[in-house]
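Pasting in a structure now, in structure tokens, and then I'll have a few things to ask.
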2 protein chains.
Amino acid sequence: MSETISERCEIKGLRMTNQRKVIAEIIENTFDHPDVEELYNRASAIDDSISIATVYRTVKLFEESGILDKLEFGDGRARYENADREHHDHLIDINSGKVIEFVDNEIEELQELIALRLGYELRGHKLELYGVPIKKA
Amino acid sequence: MSETISERCEIKGLRMTNQRKVIAEIIENTFDHPDVEELYNRASAIDDSISIATVYRTVKLFEESGILDKLEFGDGRARYENADREHHDHLIDINSGKVIEFVDNEIEELQELIALRLGYELRGHKLELYGVPIKKA
DNA sequence: AACTAATTTAAATTATATTTCAATTTTATT
DNA sequence: AATAAAATTGAAATATAATTTAAATTAGTT
């Protein structure tokens, strides 16, 4: 969480148009996992000249630049989150769709180890847990 | 690996048309992770009257019946595998696209535990490791 | 064999994402 | 500040994956 997204874009040499600034700021201040449609809605509320094509282009650009992480929870829509955060994985409540973030160092280390055993250097991973809330008695 | 896919379909009360039998058999005897297009190619080679719409419908039906597992490795195409196998996760070679299957009980147990700590009963998970081969000296 | 309901094909449609291209905006240069 | 070159934009067209429609066929039942 060192620099803002706009700052990181400049470091990467990306032109900061107003559209990109708007989208960057939305993601900066968001704690959920919006899809493109939702980003477009939020961006339009700030600057209604932004087109959805630009939102698609921008998230793709940001993803390729390592500024955003793309998430896919299996419903066909890609979701995005700020990549400049402590790494974490996701637990998805299959009843409500709610997404809970978590970190577990033990599981992170195990993944490295498993990859090594298979002769690979781990470059990334995707871990999603799907569950239902435990009912309290 | 107790029954064949066809047998499991019958248990579930699904009608076994010739198209479904062909698709079931392909998946039964496959050790890779074909997408719909690839299943369609293989099915057409056996019975060239099968349409791609049927392949789409069949994999969806099979998935909903718990006969197939749907995999998404982030390239936009869904892949399928026989669900009636020892549970395993996947390591994807990001250079070659090769998919390696693995099982690690420690990581399985950890996932249960993490879900419990968050107040959830684990119903499923998706773990994919992405890596590059370690070069031998 | 006839009947009913499910399934099939082929085409049309939907949903998500990407690309095209003229117009505009940005950045670097003067 | 004005200018030129290059990148970005919006709107529409296009691409791609998946689903649905409707008429025809097939499976399972009587």
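Here is how names work: the chains are called A, B, and so on, in the same order as the sequence lines, proteins then strands, and each is numbered from 1. Because the structure is a prediction, the values reported are computed rather than measured.
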message: Taking 4.0 Å as the cut-off, does a side-chain nitrogen or oxygen of A:Y56 come that near to OP1 or OP2 on C:dA17?
response: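 For C:dA17, OP1 or OP2 has a side-chain N or O of A:Y56 closer than 4.0 Å.
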task: Compute whether any side-chain donor of one residue and acceptor of the other, for B:E101 and B:H87, lie under 3.5 angstrom apart.
output: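 Not at all, the side chains of B:E101 and B:H87 share no donor-acceptor pair under 3.5 Å.
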task: Nearest-nucleotide wise, let me know which of A:L14 and B:K60 is further upstream toward the 5' end of DNA chain D.
output: A:L14
Shortest side-chain distance from A:T17, nucleotide among D:dG10, C:dA17, C:dT26: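 Ranking D:dG10, C:dA17, C:dT26 by closest atom to the A:T17 side chain puts C:dT26 first.
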message: D:dT8, OP1 or OP2 - any side-chain N/O from A:R20 closer than 4.0 Å?
response: yes
- request: Report the nucleotide, chosen from C:dA11, D:dA12, D:dT9, that has the shortest atom-to-atom distance to any side-chain atom of A:A53.
  value: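 That would be D:dA12.
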field: Gap between atom CG of A:L129 and atom NZ of B:K126 - 0.5 Å precision
entry: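 Atom-to-atom, B:K126:NZ and A:L129:CG are 12.5 Å apart.
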task: Could you tell me whether A:I52 contacts a base, only the sugar-phosphate backbone, or nothing, with contacts defined as non-hydrogen atoms closer than 4.0 Å?
output: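 No contact at all - A:I52 keeps every heavy atom at 4.0 Å or more from the nucleic acid.
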- request: Using modelled atom types only, decide if a donor and an acceptor are shared between the side chain of A:T54 and the backbone of A:I50 within a distance under 3.5 Å.
  value: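 Not at all, since once roles are kept as given, no pair shorter than 3.5 Å links the two residues.
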Rounded interatomic separation in angstrom, taking CZ from A:R79 and C1' from C:dA17: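 It works out to 16 Å between those atoms.
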field: Nearest to side-chain heavy atoms of B:Q19, which nucleotide of C:dT8, D:dA17, C:dA17
entry: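 Selected nucleotide: C:dT8.
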field: Verdict with supporting geometry, B:D32 and B:R79, salt bridge (Lys or Arg N to Asp or Glu O under 4.0 Å)
entry: CA-CA 9 Å; B:D32 56 356; B:R79 289 145 197 288; over 6 Å; no
- prompt: Relative to the 5' end of DNA chain D, which residue comes earlier, B:G76 or B:M16, by the nucleotide with the nearest heavy atom?
  reply: B:G76
- request: Calculate the interatomic distance between A:E37 atom CD and C:dT16 atom C1'; express it in whole Å.
  value: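 Roughly 10 Å, once rounded to whole Å.
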Separation of atom CG in B:D35 from atom P in D:dT16, rounded to whole Å: 14 Å
query: To the nearest angstrom, how far is B:E64 atom CD from D:dA18 atom P?
result: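 Rounded to whole Å, this separation is 14 Å.
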Nearest-angstrom distance from the residue atom CD1 of A:I50 to P of C:dT24: 18 Å
task: Report yes if a donor N or O on one partner sits less than 3.5 Å from an acceptor N or O on the other, where the partners are the side chain of A:R15 and the base of C:dT26; otherwise report no.
output: yes
query: With a non-hydrogen cut-off below 4.0 angstrom, is A:R77 in contact with a base, only sugar-phosphate, or nothing?
result: sugar-phosphate
- prompt: Tell me: CG of A:N18 to C1' of C:dT26, nearest whole Å?
  reply: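 Those two atoms, CG and C1', are 12 Å apart.
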- request: To the nearest Å, give me how far apart CD1 (B:I23) and C1' (C:dT7) are.
  value: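 Roughly 12 Å, once rounded to whole Å.
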query: From the list C:dA10, C:dT19, C:dA17, which nucleotide is the closest neighbour of the side chain of A:A78?
result: C:dA17
- request: Rounded to the nearest angstrom, tell me the gap between atom CG in A:L61 and atom P in C:dA17.
  value: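 Going from CG in A:L61 over to P in C:dA17 covers 16 Å.
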Minimum-distance pair of heavy atoms, taken over all atoms of B:V55 and B:I23: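 Residues B:V55 and B:I23, closest heavy atoms: CA-CD1, 4.0 Å.
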